[in-house]
Protein chains: 2
Amino acid sequence: MGRIDNLDRHILRIICGNARMSFKDVAEQCGVSRAAIHQRVQRMQEQGVITGSGYTINPKSLGYTTCTYVGVKLERGSLYKEVVPQLSKIPELVECHYTTGTYSMLIKLYARDNDHLMQILNSTLQEIPGIIATETLISLDLAFMRNIPIPMIDEDKE
Amino acid sequence: MGRIDNLDRHILRIICGNARMSFKDVAEQCGVSRAAIHQRVQRMQEQGVITGSGYTINPKSLGYTTCTYVGVKLERGSLYKEVVPQLSKIPELVECHYTTGTYSMLIKLYARDNDHLMQILNSTLQEIPGIIATETLISLDLAFMRNIPIPMIDEDKE
DNA sequence: GTTGAAAGTCTTTGCCT
DNA sequence: AGGCAAAGACTTTCAAC
């Protein structure tokens, strides 16, 4: 996968929170040329360090009033691979993990209102074969949401 | 907050998964001029519909091998406001919700390895006053992670 | 929402360290 | 290998319509 040095990390710290910042400004902040930024961003995309880009949309502006996590219990863990395609069909479902602990899976979804949430939970989720129980954790408040930390490394080592 | 019409929605669908796409291409896909795209994106940023932009970074490339959700139980729900600033100090913690259900809070974090995870759970989290119990849900596999759905609306109504 | 022109930015190529 | 400079191509911005 190739090493990610401190210049890479510096670039990532800047752009991971602002995809539309011009490479000229990134270059100035890093003290290198624009071309260097361009080459490194391109290389990191090829290496799979950077997997994509996007805008963050406020769910409320689209009419989604609630964000909910649901703990899903399966009849058998091995049903995981069969259940995922079914879950994937639910557009409101944005994240889907296979987990250790109390639940077999943890999923995240957005709903327009309580009726919509109930409809997803009862009519859609509970009807999927293999799912024997769900536990609903409604997010009443998002205290914070931020990017993964990007620590600098000791470049002499490694 | 102003209405978001179908052209806005079309734009959002395109750019929310690709922040670096040129507005010229967006304009072509939408069948309008470049300036229209620019005006609308700017307006949506001012309105708070678009709250930011960024690159997605592969956690593994930074040395994070595990993604973990932790259900946190508080002594009293009202301690929430006091606990959040403490949690915010943990850089590996990327998301923090106040929730209904089994837990008082649900948090998401990244760890380099099992030792690192244990250290965050035992040394850091459990030491915060007000936290009486935690339940760890390690993500063994991320089946999918995608953007919130952006439905088109019936523009005659509303 | 559109057009057109001016200002600024990105991307490529070849060169240098 | 990796960083740099310059040129042409492309975008963004700002008018007036």
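Order of the sequence lines fixes the chain letters, A, B, ..., with proteins taken first and strands second; residue numbering starts at 1 for each chain. All values reported here derive from a predicted model rather than from experimental measurement.
In this structure, B:Leu142 belongs to a hydrophobic cluster whose other members, linked by side-chain heavy atoms under 4.5 Å apart, are B:Met145. Listed by chain and number, the hydrophobic cluster partners of B:Leu137 are A:Tyr69, A:Tyr103, A:Leu106, A:Leu137, B:Tyr69, B:Tyr103, B:Leu106, where partners are ILVMFWY side chains within reach of under 4.5 Å, directly or through others.
Evaluation of the ring-ring contact (aromatic ring centres under 6.0 Å, His included) test over residues 16-48 of chain A, restricted to residues two or more places apart or in two chains, returns none.
Side chain of B:Thr51 to main chain of A:Thr56: a donor-acceptor pair is present (N/O by atom type, distance under 3.5 Å, no hydrogens or angles). Between the B:Arg20 side chain and the B:Tyr55 main chain, no donor and acceptor come within less than 3.5 Å of each other.
Whole-Å rounding puts the A:Arg3 CZ to D:dA1 P distance at 14 Å.
Taking every nucleotide of DNA chain C with any atom under 4.0 Å from a non-hydrogen atom of chain A, the first and last of them, 5' to 3', are C:dT9 to C:dT12.
Residues passing the side-chain contact (heavy atoms from CB on, under 4.5 Å) test with A:Arg9 are A:Ile4, A:Asn6, A:Ile150, A:Pro151, A:Met152, A:Ile153, B:Leu62, sequence neighbours excluded. Taking A:Ser139 as the reference, A:Cys67, B:His97 meet the side-chain contact (heavy atoms from CB on, under 4.5 Å) condition, with sequence neighbours excluded. In terms of the salt bridge (Lys or Arg N to Asp or Glu O under 4.0 Å) criterion, residue partners of A:Arg40 (sequence neighbours excluded) are, by chain and number, A:Asp5, A:Asp8. In this structure A:Tyr64 satisfies the ring-ring contact (aromatic ring centres under 6.0 Å, His included) test with no other residue, sequence neighbours excluded. Residues that satisfy the salt bridge (Lys or Arg N to Asp or Glu O under 4.0 Å) test with A:Asp25, not counting sequence neighbours, are absent from this structure.
Environment of CE in A:Met21: crowded, with over 12 heavy atoms of neighbouring residues, nucleotides or ligands closer than 6.0 Å. In this structure, A:Arg13 places its CZ atom where more than 12 heavy-atom neighbours from other residues, nucleotides or ligands lie under 6.0 Å away.
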Dump the pairs, protein N or O against N or O of nucleotides 6-11 of chain D, anything under 3.5 Å, distances to one decimal.
residue, atom, partner, partner atom, Å
D:dT11, OP1, B:Ser22, OG, 3.3

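A heavy-atom distance below 4.0 Å to DNA chain C is reached by these residues of residues 6-16 of chain B, ordered by number: B:Leu7.
Comparing the local axis fitted to the first five base pairs of the helix from C:dG1-D:dC17 to C:dT17-D:dA1 with the one fitted to its last five gives a bend of 40°, rounded to 10°.
Across all strands shown, A:Arg40 has heavy atoms under 4.0 Å from sugar-phosphate atoms exclusively, and none from any base.
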